[in-house]
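Worksheet: the structure to be examined is printed underneath.
Chain naming here is simple, since letters A, B, ... match the order of the sequence lines and numbering starts at 1 in each.
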Protein chains: 2
Amino acid sequence: MKWDELEQEPCSMARTIGVIGDRWTLLILRECFLRTRRFEGFQSALGITRHLLAERLKKLVRQGVLRRIPYQESPKRHEYILTQKGLDLYPIMMALVHWGDTHMVDERGRPLLHQHRKCGKNFDPVMVCSECGEPLLAKEVHTHPGPGARPPSERISRDKPAKPKTRKQAA
Amino acid sequence: MKWDELEQEPCSMARTIGVIGDRWTLLILRECFLRTRRFEGFQSALGITRHLLAERLKKLVRQGVLRRIPYQESPKRHEYILTQKGLDLYPIMMALVHWGDTHMVDERGRPLLHQHRKCGKNFDPVMVCSECGEPLLAKEVHTHPGPGARPPSERISRDKPAKPKTRKQAA
DNA sequence: GTCATACAGTTCTAAAATCGAACTGTCAAT
DNA sequence: ATTGACAGTTCGATTTTAGAACTGTATGAC
């Protein structure tokens with residue numbers, strides 16, 4: 001599987017990964033949400049090589065996640081601003097942050113806190129069901145093919161259910 | 001910035017990215033949530049090279065995201081199962097899927113639908129505030145330093161507020 | 001006993017991506 | 001005339017990844 005093929009995969013997650021699923025891109029997007037807008041800002045904040053930064057920004061613009069907007073004439077200079085498509089990545093960012101807050105903090109505690117302007121409190125992001133509002137647990141979700149699914153013949157194979165025939169079973 | 005340093009960064013998102021922030025790892029985790037457990041299963045489902053798969057699985061086990069459990073003696077064989085830490089990645093996976101469903105589907109529609117067993121309906125995942133239950137919007141969230149933050153002197157520099165002195169402004 | 005197959009890796013070389021540093025070009029301020 | 005800010009581009013060296021073959025245990029078929 002090549003990386004450009006990812007975006008054609010019949011899997012929304014694979015397609016998303018094709019757009020934002022590499023380390024630098026995710027960090028660039030973090031900076032975007034922290035209001036960094038300019039080339040030098042990204043570069044000095046992240047320490048990414050200028051070469052890669054230019055490439056990643058181009059790709060994000062091509063994908064419609066960022067818009068390149070002139071903020072100055074002569075010499076022409078541009079800022080990179082999140083589009084609505086880019087702003088919609090916010091739940092992904094928050095989910096990443098929250099997992100890190102839960103599982104990767106040291107004894108010092110969380111590096112950042114998030115305050116919800118609506119209610120004024122520091123909060124954690126919680127993922128809930130759009131229909132009943134209950135928090136989502138992996139075990140309570142059943143996945144089934146939608147209209148964009150490929151027929152089984154086109155689909156990649158998966159594990160067969162564990163049935164090792166007559167082999168000695170482990171304790 | 002090297003990739004092993006990411007996990008020490010004073011940013012929960014960077015730390016999370018250090019663990020799961022590459023394309024193959026995310027796809028491996030997708031397979032885990034689709035109940036793939038074995039080496040051959042991952043390999044044939046993803047088309048990943050065996051070399052990289054072995055490496056990524058080792059890393060996920062080291063990080064405590066997967067557990068390697070024997071399911072058969074002689075020859076010893078193991079399955080890779082999500083730990084609680086791994087199961088907690090579910091909101092990230094759902095957020096990725098949902099963004100793809102929103103912005104990356106073709107005319108055929110969504111490849112997969114998700115049904116919530118609790119309420120029986122097909123749903124979208126929604127990220128809400130843990131305190132007031134309202135859906136989260138980036139504009140309504142204020143970020144501020146927590147106990148694990150570094151003092152400004154240690155912090156990476158960011159864009160200055162746009163103030164191009166006496167330069168000709170763009171229209 | 002011999003052969004083919006399943007499974008879970010490891011090893012090796014070639015190709016691709018990334019790093020690090022220097023370079024280009026426009027313009028403002030001194 | 002020189003320096004610095006900014007937004008890139010270029011290029012050789014290093015690191016990762018791809019692709020394919022190989023290792024080793026064990027099973028079932030013949």
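- Between the NE2 atom of B/His78 and the P atom of C/dG9 there is a distance of 8 Å, rounded to whole Å.
- Distance A/Arg23 CZ to D/dT17 C1': 13 Å, rounded to the nearest Å.
- B/Tyr80 and B/Arg37 share no side-chain donor-acceptor pair at under 3.5 Å.
- A sub-4.0 Å separation between OP1 or OP2 of D/dT9 and a side-chain N or O of A/Lys58 is present.
- We find that B/Lys118 and A/Glu134 are joined by a salt bridge, their nearest charged nitrogen and carboxylate oxygen being less than 4.0 Å apart.
- Proximity of the aromatic rings of B/His142 and B/His144 is defined here by a centroid distance below 6.0 angstrom, and this criterion is met.
- Across all strands, B/Arg56 comes closer than 4.0 Å only to sugar-phosphate atoms, never to a base (heavy-atom distances).
- When each of B/Trp24 and A/Leu57 is assigned the nucleotide of DNA chain D bearing its nearest heavy atom, the one mapping closer to the 5' terminus is A/Leu57.
- Distance CZ (B/Phe39) to C1' (C/dG9): 5 Å, rounded to an integer number of Å.
- Distance A/Asp22 CG to C/dA17 C1': 11 Å, rounded to the nearest Å.
- Rounded to an integer number of Å, the gap from OH of B/Tyr71 to C1' of C/dC7 is 6 Å.
- Taking only distance into account, the side chain of B/Arg50 never meets the base of D/dA20 through a donor-acceptor pair shorter than 3.5 Å.
- The existence of a salt bridge linking B/Arg50 and B/Glu40 is confirmed by a sub-4.0 Å separation between a basic side-chain nitrogen and an acidic carboxylate oxygen.
- Between the CZ atom of A/Arg15 and the CG atom of B/Asp101 there is a distance of 8.5 Å, given to the nearest 0.5 Å.
- With distances taken from any side-chain atom of B/Thr49 to the nucleotides D/dA18, C/dG9, D/dT9, the minimum falls on D/dA18.
- Across all strands, A/Arg68 comes closer than 4.0 Å only to sugar-phosphate atoms, never to a base (heavy-atom distances).
- When distances are taken from the side chain of A/Arg77 to each of D/dA7, D/dG19, C/dA8, the shortest belongs to D/dA7.
- Summarising the geometry, the separation between CD on B/Glu5 and P on D/dT15 is reported as 14 Å, rounded to the nearest angstrom.
- Following rounding to the nearest Å, A/Leu52 (CG) and D/dA7 (P) show an atom-to-atom distance of 18 Å.
- Straight-line distance from the CD atom of B/Glu40 to the P atom of C/dT5: 14 Å, rounded to whole Å.
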